[in-house]
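Sequence lines set the chain letters: A, B, ... in the order given, protein chains first and strands last, and positions in each chain run from 1. Just so you know, these numbers come straight off a predicted model, no measurement behind them.
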Amino acid sequence: MNAAVFGTRVDRLEDPQLLRGMGRFVDDIRFPGMLEAAFVRSPHGHAAIRSLDKRAALALPRVHAVLAREDLLPHLRNERLVVGLPSSSYKQDLNRPALAIGEVVYVGEPVAIVVAEDRYIAEDAAALVEVDYDPLPAVADCRAALAPGAPVVHRGAPHNLLAEFRMGYGDADAAFAKAAHVFRESLWQHRGGSHSIECRGAVASYDAIDDRLTLWSSTQMPHQAMRQLCDMLGRDENQVRVVTPDVGGGFGPKLVFYPEDVVTALAAMIVGRPVKWIEDRREHFVASTQERDQYWEVEIAVDREARILGIRGSIIHDHGAYTARGVNLPHNSAETVPLQYEVPAYSMNVKVVLTNKIPVTPVRGAGHPQGTFAMERLLDRVARELKIDRAEVRRRNLIPASKMPYTTQLKARGGMAVVLDSGDYPKCQEDALARGGWTDFPARQAAARKAGRYIGIGMANFCKGTGRGPFESVTVRIGPSGRVHVYSGAAAMGQSTRTMLAQIVAGQLGGDMGNVSVTTGDTAAIALGIGGSNSRQTVMAGSSAHVAAVKVREKALQIAGHVLEASAQDLEIDGDQVHVKGAPGMKVSLAKIARTVAGTAGYSLPGGIAPGLEATEHMVIDDMTHANGTAVVEVEVDVETGAVELRKFVVVHDCGRIVHPTIVDGQIIGGTAHGIGNALFEWMGFDENAQPVTTTFADYLLVTATEMPHIEVAHHESPSPLNPLGVKGVGECGVIPVAAAVVSAVEDALSPFGVHIAQTPIFPAQIVAMIERAHR
Amino acid sequence: MKPPRFHYHDPKTVPEVVGLLKTLPNARMLAGGQSLMPMLNMRLVLPDHLIDLNRVEGLAYIRETGGALEIGAMTRQRELEFSEIVRELCPMMHEAILQVGHRQTRNRGTLGGSLCQLDPSAELVAVAAALDATVAVAGPKGKREIPFSEFPKTYMTPAIEPDELLTGVRFPLWAKNHGHAFVEFARRHGDFAIVSAAALLEEDGGGKIKRASVTLGGVAAAPVRVRELEKAIMGHVASDALFREACEVCRKIEAMQDVHAPSSYRQHLAAVLSRRALEKAHARIGGGRG
Amino acid sequence: MAESRNITVTVNGKRHEQQVQVRLTLADFLRQQLGLTGTHLGCEHGVCGACTVLLDGNSTRSCLMLAVQAHGHEVATVEGLAPGPDALHPLQEAFRDNHGLQCGFCTPGILMTLVEFLRDNPNPTEQEVRVAISGNLCRCTGYQGIVAAALDAAKRLQTGKGPSA
């Protein structure tokens, strides 16, 4: 491998266009004759639709169509988006319809689409569509949804329990029965939405001559979208193409296939012109999936030495009104609790509950922050009760490096055993504590308190399976130009996917990133693909890219060997030339090599070599490779206002071998910012009628540059044994320990008041209230 | 989120504006746009007519006249921020303006626009109340002046007629080297204040407080001049204990409740921030640094 | 028929005479009528800053202005920053070299905000940079790379590498 490329800080392929404002995001795409759409959406959390009157809307000049459910039915083979990841735990199948079927079950649910000459007019017309609703009782709280006699989220549903499962192993009850100490926590955990700065969007265009529908979509999973469209429209894969242009952030919700995607496609086919729909921010609050509430009752049993004997508990998880992805999110939460600690017995019962709100699907972190928060709060509790240092409690329970690979008794969602493949968790923790000044802190804290200031320090460990399988597709091809082309089913949403692929491929094929073109997000460019989620691209696409590039390299050298009459092992690739090592003048271009095996009618290929200079790989890796890290945070709390200032933030992280150090830092820091938002700022609020009450950026707070401390990032590299590059995923890791570490630090700062924090996020008003309660 | 249809007018003089206001039904005036445009984009307001004030002459000025600062309604917040006159003569306004939104919003936002919007959390509204400003208004019947205490009619509704236009604001000045402070609690830099406290102080030769103004923003629909608090500290020598005790009265002010804060928290912040503002203002008397 | 006006606007030094509907925002005018899609829409209510352009040299949220209001004024967008197709503005170079962008969607607004800021504050502290960009939201970077890029750009501009802001 060309070491100069892998592991170095090369310039990103993405930057030149983006810096010039020459990116092509979905809203930048325009076609002659293109129309724009707006959706009519439910204003109610729950209501029956009695009638819909389009006449006033259609009468507006320059309005081309108003389509409701009955207009779409003749064009749909399946009316429902059947997208749920398989699980034996479902008690109900609640799939979203393309457009509402006589009933709306969340504020924002699409009821009709208006197509007009521009978005301004489309919004004018959408306001004129008269929908007669019969309001029904709306379920706003996932706990209340389970109460006997609670209203049902869907009229026809038997109850509001979508799924239930138990995750566990060993005899937890026995462990608890004989434990020296048992501590219980009741936790409320809330996470909000994606709020990528670019909202969603789609442009659909139907070519009647080719009989092909093309959908440009800001999706993280174009192949999945293509398959969904094929299923719903009754079309074959060669009749549907999905293209992902530049995407302004994904963070999870853009991997979901939405009603708006299929309805925009249908509108284009029905109206006979390209149709664009761009989600605006107000829609994003109610129409893009999000994470929301989990309520945990969880207990830990420990012996006198603070060693864990067992953990048990229950989670009530707010699923929203439909299944838009699956039960993976609460599954991840339950799985994460014991993950990197030695927990002999475990039992977690999870209830996945319906509410009349936009469906819940993973947002960066995907349930892992919640499992981490629960575990780290339990460990802090043990430390406080047994008067042992919080770091020491963890030290006594972390799985040591000597036990790697460690087969846990957990099962991943696909049924395979969860094996911690590599990593040195205690070493990571020690490094983070040293950088965070853990041992000196008590003295500093005491001095601060004398001066009337309340500072605190907190920590959290995390571990996460990355590189979700089974594969990602990559084709590496050298064309007659001598240029290296890479095609992949991987998706780019800002996390430098194309640079990553180019680095890995260039490492095998000449070391010149400028000679590598990468195409992602086009179902016409490569037949199979899965896309972006679960911090999987570097592991899965990177591995396939590496193997494919190695194969192409071998073939190129073999052909070059023929041409130069040298042995392949005496050759190397430099830029777009293959030459004899030490004799750069004895060379042949990649272009010539490619042409040699392109074939000429009637002439044999040299040396019986197979045609073409390309390889397509779908490297299968079912087991996830586990990244880990430790965050240490120092805070100061203004006890009069409840304001929390983050004074120091250290993350030590292990994502295996690093392809590009700066990109990895960027992923960690970006994830940390999101985590800080979850800890202190972001709350997606609904009232008792399931009406959203935080619907603008004035009410829903994202962190800005002034709320961010400097994040110190350090890396350990435990190469993954599960893939040829030794890499692990990093995209979501930054988020995972943050809420736990911040809350730990705030609680530490407020320890003179005996404050105990059992929630995330935590707000100044609540901190002040907690201090006042403690005074009384 | 695109604006609804409206008729657009861009008058060039104040009489033109008044004429339009008199004749056009359902008209809104567009000043800096930082409040109105979001409302238009969200279609929370549906005016038939939009009167753009940005080309009206003579409404942007900052001048000192006879012991007061006179500022035109269309003066950009940016101008206030960079004005040496404001910084020297009305340092509390300078301190407040640095906490108003962000550079981009101050580049367009205006004094008049902020005052007419009467957002309970707006810093400039609290400043006007703290300084006992007078608002100048022009209408078909001519000009009139409204003391700021009478300017807020109800929640986000000023006491000006539909055919009247705010033209300028007069801020009486305090003695040179008076104590001043504008403190606020916001969730993030530049956010609207959840609660703000504006304090102005003058002392006599014996170190006793002879003049005091304490104003709370963000607590109620309109800024609250805490007269009871001002009375409690008048005639006394300033001290931490005096301020702390006097500020407790702020906890009794009836406070708003919303997604950002419950009313009890606002009341609590009122007591805390008014005390901090007074401490800071006192430290700055005589040109000290607070 | 929707009401429209004729406007003359200079954008990135080039004069445009166009007819615009009176309710068309400046952001949509730039994006749709002039085809300058570098200015992005992230919220349309004046918080995210993705739509930031310079109006007569001052940073402005173009989603909160009507195109008609730009008549007779000068607008600068991200497309006008680079001196040519083969060169970048020092600010753009600094962003490239400091990983100041990931998805790039918020980037044009932040670049334009920094053009104004560095012009008026050629030697800023880190805290001053953070305050300067506090009106721009980024969901990808956590701002650290952006701050590093801004400080790096300040140095580059001061030493006169490339065109001044």
Could you go through Glu36(A) and Gln32(C), starting from their C-alpha distance and side-chain angles, then the distance that decides it, and tell me whether this counts as side chain to side chain contact (heavy atoms under 4.5 Å, CB included)? CA-CA 12 Å; Glu36(A) 291 205 58; Gln32(C) 293 172 16; 4.2 Å; yes
Please report the C-alpha distance between Thr704(A) and Leu137(C) in whole Å, then the side-chain angles of each, then the deciding distance to 0.1 Å, and finally whether the side chain to side chain contact (heavy atoms under 4.5 Å, CB included) criterion is met. CA-CA 6 Å; Thr704(A) 71; Leu137(C) 295 178; 3.7 Å; yes
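For the atom pair Leu18(A) CG and Phe105(C) CZ, the distance stands at 11.0 Å (nearest 0.5 Å). With rounding to the nearest 0.5 Å, the separation of CG in Asp118(A) from CG in Leu24(C) is 8.5 Å. Between the CG atom of Asp15(A) and the CG atom of Leu101(C) there is a distance of 4.0 Å, given to the nearest 0.5 Å. The CG atom of Leu19(A) sits 6.5 Å away from atom CG of Leu111(C), with the distance rounded to the nearest 0.5 Å. Atom CZ of Arg282(A) is separated from atom SG of Cys43(C) by 12.0 Å, given to the nearest 0.5 angstrom. Distance CD1/Ile668(A) to CD/Gln144(C): 12.0 Å, rounded to 0.5 Å.
Residues meeting the side-chain hydrogen bond (donor to acceptor under 3.5 Å, both in side chains) test with Glu682(A), sequence neighbours left out: Tyr700(A), Arg139(C).
The candidate with the highest count of non-hydrogen atom pairs below 4.5 Å against chain C, out of Ala673(A), Gly23(A), Pro61(A), Gly666(A), is Gly666(A). In terms of heavy-atom pairs under 4.5 angstrom with chain A, the leader among Gly145(C), Gly80(C), Cys140(C), Gly135(C) is Cys140(C). Among Thr25(C), Thr39(C), Thr77(C), Val129(C), the residue making the largest number of heavy-atom pairs under 4.5 Å with chain A is Thr25(C). Contacts with chain C were tallied for Ala698(A), Ala705(A), Gly248(A), Gly494(A); Ala705(A) has the most, counting heavy-atom pairs under 4.5 Å. If you tally non-hydrogen atom pairs under 4.5 Å between each of Thr672(A), Ile663(A), Asp246(A) and chain C, the highest count goes to Ile663(A). Of all the listed residues (His45(C), Gln127(C), Glu126(C)), the one sharing the greatest number of non-hydrogen pairs under 4.5 Å with chain A is His45(C). Comparing Glu14(A), His195(A), Arg364(A) by how many heavy-atom pairs each has under 4.5 Å with chain C, the most go to His195(A). Each of His284(A), Met22(A), Arg12(A), Arg9(A) has some count of heavy-atom pairs under 4.5 Å with chain C, and the biggest count is that of Arg12(A).
Contact annotation for Ser496(A): only side-chain heavy atoms (C-beta onward) come within less than 4.5 Å of a heavy atom of chain C. Proximity to chain C involves both the backbone and the side chain of Ile121(A), based on heavy atoms less than 4.5 angstrom apart. With a threshold of 4.5 angstrom between heavy atoms, Glu198(A) approaches chain C through its backbone and through its side chain. There is no contact between Gln17(A) and chain C, counting heavy-atom distances below 4.5 Å. Interface remark: His710(A) contributes backbone and side-chain atoms alike to the contact with chain C (heavy atom separation under 4.5 Å). Residue contact with chain A, scored on non-hydrogen atoms closer than 4.5 Å, involves the side chain of Glu44(C) exclusively. With a 4.5 Å cut-off on non-hydrogen atoms, Met493(A) touches chain C through its backbone but not through its side chain. For chain A, the nearby parts of Val78(C) are the backbone and the side chain; heavy atoms of each come within less than 4.5 Å.
In this structure, the side chains of Arg96(C) and Asp11(A) come closer than 4.5 Å at one or more pairs of heavy atoms.
Between the side chain of Arg281(A) and the main chain of Gly42(C), a donor-acceptor pair closer than 3.5 Å is present. The backbone N or O of Val703(A) sits less than 3.5 Å from a side-chain atom of Tyr143(C), completing a donor-acceptor pair. Remark: side-chain polar atoms of Gln102(C) are not paired, donor with acceptor, to backbone N or O of Gln495(A) under 3.5 angstrom.
Partner Arg20(A) forms a side-chain contact (heavy atoms from CB on, under 4.5 Å) with one of Thr107(C), Leu88(C), Leu81(C) and no other, that one being Leu88(C).
Every pair passing salt bridge (Lys or Arg N to Asp or Glu O under 4.0 Å) that includes a residue from residues 4-25 of chain C is listed here, sequence neighbours excluded: Asp124(A)-Arg23(C), Asp10(B)-Arg5(C), Arg15(C)-Glu17(C).
Contact residues of residues 24-33 of chain A toward chain C are Phe25(A), Asp27(A), Asp28(A), Arg30(A) (heavy-atom distance under 4.5 Å). When the heavy atoms of residues 48-64 of chain C are compared with those of chain A, the residues falling under 4.5 Å are Cys48(C), Ala50(C), listed by number.
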